[in-house]
Engineer: 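The structure's right below; bear with me while I get my questions together.
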Amino acid sequence: MPLCKHKPKENKPTLQEKIVSRNTNIIHLTHNDLDAAGCDAVCRIKFGEEIFTIFSSVGRFNWFFSQIGSCSGKGDSLIISDIGYQKGVLESAKKAKAAGWKIYWFDHHKWTDEEKSSVEPYVEKLTVDTSKCATGVVYAEYASGNSSAAEFAKVVCDYDLWKHEDKRSAILGIITAGQKNLELVRDKFIKGVIVDDEINAVYKKINDDKNKCIKKSLNAAKIFEGKYKIAVMPAFGYPSETAAEARKTFSSDIELLVFDNGKFSLRSVPDISHLIAKEFNGGGHPNASGGSFAYGGKERLLLKLFKKVSRADKFVSTAEKY
């Protein structure tokens, strides 16, 4: 019997190899949600489709930033959007500037004056505007006057700033909770499409799963009464939608959703989310942020088997300080 021949394993290029061999003079490093898809659509409307885009979680952002800074910039542009200041970014900004990158940073999260002044010497431009979503900030810079960009920026801001006045924003927010759909939504925006039959079909498939996840979270919620009414629960996906439903159900002031690795998503009525998250190696903006409890094996098991959120007491006592 002949032996099976195995195909040789293909070595995929590393991120640095992709950057070095890039055929564009613009890299866009952004978040991995609806707002990021909007930011990337604006950048591509302005600069063309050859942009090298990196969608990143908040936790991975500085690693990506550092990797880019390790490669020669040759005077090319690095656009950063929808991610704010965090520990380590100053060193990455210094490294990237020294390597020849021109950095343009657009954000809508809270920055202190000290954070802004520390980064500004290493970037060509830093724009922080908390009154808009990041798509709105990038739109004002690169696509002001473009009617289709203005329309999708308005829809993205409706979702990202928790206005909930446009039904289309909820559909887009839900389908971009999975990173695999970011490029689909971005490409629709570029074509001037907000929601169409294809988007609705994707939404329909996801919506049933979303409702099941929300129900599981709410059934396991624990309510803490003190300075604030805080709803603490395990997260099974769709943190924004789950938090919104929890607020309606429990009349809570703060909603904490914790994933099984200890990472959490935080929403609050008072403008304190970013302050709380910073104490747990995270950040964000005043009413929606994220961080991590850095769970070990025991905490992961308790959450997975018993839906117990470890370190909830510490979170509550931290929130009570603000």
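Note that the structure is a prediction, hence the values are computed from the model and not measured.
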Engineer: Among Asp107, Val137, Val156, Thr30, find the residue that satisfies the side-chain contact (heavy atoms from CB on, under 4.5 Å) test when tested with Cys39.
Structural biologist: Thr30
Engineer: Does the side chain of Lys210 pick up a donor-acceptor pair with the side chain of Asn207 at under 3.5 Å?
Structural biologist: yes
Engineer: Could you check if a side-chain atom of Val309 sits within less than 4.5 angstrom of a side-chain atom of Phe264, using non-hydrogen atoms only?
Structural biologist: no
Engineer: Would you say the side chain of Phe65 lies within less than 4.5 Å of the side chain of Ile103, judging by non-hydrogen atoms?
Structural biologist: yes
Engineer: Hey, are Tyr238 and Glu245 close enough side-chain-wise for a donor-acceptor pair under 3.5 Å?
Structural biologist: no
Engineer: Tell me the closest heavy-atom pair linking Glu17 and Lys12, and the distance in Å.
Structural biologist: OE1-O, 4.4 Å
Engineer: Does any non-hydrogen side-chain atom of Phe55 lie less than 4.5 Å from one of Asp40?
Structural biologist: yes
Engineer: Would you mind reporting whether Arg300 and Asn261 have side-chain heavy atoms less than 4.5 Å apart?
Structural biologist: yes
Engineer: What I want to check is whether the side chains of Ser268 and Ser273 have a donor and an acceptor closer together than 3.5 Å.
Structural biologist: yes
Engineer: Do the side chain of Arg44 and the main chain of Glu49 share a donor and acceptor less than 3.5 angstrom apart?
Structural biologist: yes
Engineer: Can you pull the ring pair (Phe, Tyr, Trp, His ring centres under 6.0 Å) pairs that have at least one residue in residues 191-226, sequence neighbours excluded?
Structural biologist: none
Engineer: Check Lys95 against Ser66 and note the closest heavy-atom contact, atom names and distance.
Structural biologist: NZ-OG, 2.9 Å
Engineer: Within 45° of the axis and under 6.0 Å from the centre of the six-membered ring of Phe236, does NZ or CZ of Lys216 qualify?
Structural biologist: yes
Engineer: Which pairs pass ring pair (Phe, Tyr, Trp, His ring centres under 6.0 Å) with one or both residues in residues 29-54, sequence neighbours excluded?
Structural biologist: Phe47-Tyr142
Engineer: If only side-chain N and O atoms count, and only distance matters, is there a donor-acceptor pair under 3.5 Å linking Asn62 with Ser92?
Structural biologist: yes
Engineer: Decide yes or no for Asp76 and Arg22: does some side-chain heavy atom of the first lie under 4.5 Å from some side-chain heavy atom of the second?
Structural biologist: yes
Engineer: Taking the side chain as C-beta and beyond, is there a heavy-atom pair between Arg247 and Glu255 under 4.5 Å?
Structural biologist: yes
Engineer: Consider side-chain contact (heavy atoms from CB on, under 4.5 Å). Of Asp82, Thr127, Thr135, which one does His108 pass it with?
Structural biologist: Asp82
Engineer: Over all heavy atoms of both residues, which pair between Leu90 and Ser118 is shortest? Give the atoms and the distance, please.
Structural biologist: CD1-O, 3.1 Å
Engineer: Give a yes or no on whether a salt bridge exists between Glu115 and Lys278, defined as a side-chain N under 4.0 angstrom from a carboxylate O.
Structural biologist: yes
Engineer: Hey, does Val258 have a side-chain heavy atom less than 4.5 Å from the side chain of Tyr295?
Structural biologist: yes
Engineer: Looking at Trp162 versus His164, is the centre-to-centre ring distance below 6.0 Å?
Structural biologist: yes
